[in-house]
2 protein chains.
Amino acid sequence: MAESTTGGESLLFLTDEQLRKGIEAMFFAYRGFTADPDRILEGMDYGRAHHRAIHFIHRSPGTTVSNLLGILGVTKQSLNRVLRTLIEDGLVEARVGKTDKRERNLHLTAKGQDLERQLSDAQRARMRAAYRAAGPAAVQGFRTVLEAMMDPEMRRQYQSLREGEK
Amino acid sequence: MAESTTGGESLLFLTDEQLRKGIEAMFFAYRGFTADPDRILEGMDYGRAHHRAIHFIHRSPGTTVSNLLGILGVTKQSLNRVLRTLIEDGLVEARVGKTDKRERNLHLTAKGQDLERQLSDAQRARMRAAYRAAGPAAVQGFRTVLEAMMDPEMRRQYQSLREGEK
DNA sequence: AATTTACGTCAGCCTTGTTGACTTTCCAAG
DNA sequence: CTTGGAAAGTCAACAAGGCTGACGTAAATT
């Protein structure tokens, strides 16, 4: 199925059928995306919510609780339940803020970093395999479409995490 | 598909940093992906699980319960709870199988199709906007990477839905 | 006739989300 | 210095949507 990009073909990708394919691709791919971390976490007392918290604390060490709330898009009660167990179990450390002592700056402990590594290794391995199979050009397109699909606020969050990087 | 272009550039997209960007893009984009249907369904007695059932019944009219179980990857108890309410509310019809009377062939009623239309219109609108912003080449890459990210069984499900189409 | 398959259902549990109400701590403005 | 409000934490109650296990029934298969 060679894709000769000429003329009317340029709009063919906007047909309902093409859009539905994209929708189903998102559905099935997201299942794969979460499958490996889910497998690792089952058996431990943790779930996907813990994974997400760990990921973003690792990503932005010292982030505050309300910062995390904005990124994760859940209520503080929901996040707190997750965070509490992680702190109790010694995976996350909540340091009282220096300038503003109301804030808690969140950090992963060595133990927390171990689990983070384990989880992200698995997730990256799948992503790497997919990227390798698809090739650099496809990866570029993949990220472009995903970014366009985000809500504006989410896109800001996504891009702000990108700031100050190579 | 030009592959393995020479030079270091061809592998740059496999760095951990690039992979992490992909991971976060998936996370944020999936939130956007589900946001519109979620908004429509809140207030009704339905949720994401109902949406998924409706989507795949619409996609494969006459599909059986066990078929749907395979696609959705949940237990029959979980699916049944959803399916029961949809049947009670007159959105889905379960016809006794013709050749095998143990099976139930699932169809959307007119009412069910109305809701399906509403949901998929919203979801397609977002997908369309993202596709339009990204362009045909990006869309091609998007789908390629997503497909590579699926579990083999999911990929079969995905592709089998594709069979017999233009 | 016995077994297997497809489906439905009851009961109970877990995770992870939600509201609402309330307290404590603390910064900052009046 | 007092006070308003932001940040954080906590309790309680609830809902959606997963799960397991056990059981029942009808129909197909062997």
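Labels below follow one simple rule: chain letters A, B, ... track the order of the sequence lines, proteins then strands, and each chain is numbered from 1.
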In whole angstroms, how far is the [atom2] atom of [N] from the [atom1] atom of [X]?
X      : N      : atom1 : atom2 : value
B/H51  : D/dG18 : NE2   : P     : 13 Å
B/N105 : C/dA6  : CG    : C1'   : 12 Å
B/R104 : C/dT9  : CZ    : C1'   : 13 Å
B/L72  : D/dC19 : CG    : P     : 10 Å
B/R84  : D/dG17 : CZ    : P     : 14 Å
A/N67  : D/dA8  : CG    : C1'   : 14 Å
B/L83  : C/dG8  : CG    : P     : 7 Å
B/L69  : C/dA6  : CG    : C1'   : 10 Å

Within a strict 4.5 Å, meaning less than it, do heavy atoms of the [X] and [Y] side chains meet?
X      : Y      : answer
A/D151 : B/R31  : no
A/Y30  : B/M26  : yes
A/M150 : A/Q157 : no
A/M149 : B/F142 : yes

Exercise. Does one hydrophobic cluster hold both B/V96 and B/L108, with members joined at side-chain heavy-atom distances below 4.5 Å?
Worked result: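 Different clusters.
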
Write out a two-atom table: protein N or O, nucleotide N or O from nucleotides 24-30 of chain D, distance below 3.5 Å.
from	atom 1	to	atom 2	distance (Å)
D/dA28	OP1	B/T99	O	3.3
D/dA28	OP1	B/K101	N	3.2

Exercise. So, the side chain of A/T144 versus the backbone of B/A134: is there a donor-acceptor pair under 3.5 Å, distance only?
Worked result: no

Exercise. A/T64 side chain N/O closer than 4.0 Å to the phosphate oxygens (OP1, OP2) of D/dA7?
Worked result: no

Problem set entry | Nearest-neighbour nucleotide for the B/N80 side chain, D/dG9, C/dC10, C/dG8 considered | C/dG8

Distances for protein N/O vs nucleotides 14-17 of chain C N/O pairs under 3.5 angstrom?
from	atom 1	to	atom 2	distance (Å)
C/dT16	OP1	A/R48	N	2.8
C/dT16	OP1	A/A49	N	3.3
C/dT16	OP2	A/H50	ND1	3.3
C/dG17	OP1	A/R52	NH2	2.4
C/dG17	O5'	A/S78	OG	3.4
C/dG17	N7	A/R81	NH2	2.3
C/dG17	O6	A/R81	NH1	3.3

For this session: Examine A/F56 together with B/F27 and report whether their ring centres are nearer than 6.0 Å.
Result: yes

Exercise. With sequence neighbours left out, which residue pairs that include part of residues 71-90 of chain B fulfil the salt bridge (Lys or Arg N to Asp or Glu O under 4.0 Å) condition?
Worked result: none

For this session: Kindly indicate whether the side chain of B/Q77 and the base of D/dG17 share any N or O donor-acceptor pair separated by less than 3.5 Å?
Result: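 By the distance-only test, no, there is no pair.
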
Exercise. Any chance the side chains of B/S160 and B/R156 put a donor and an acceptor closer than 3.5 Å?
Worked result: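 No.
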
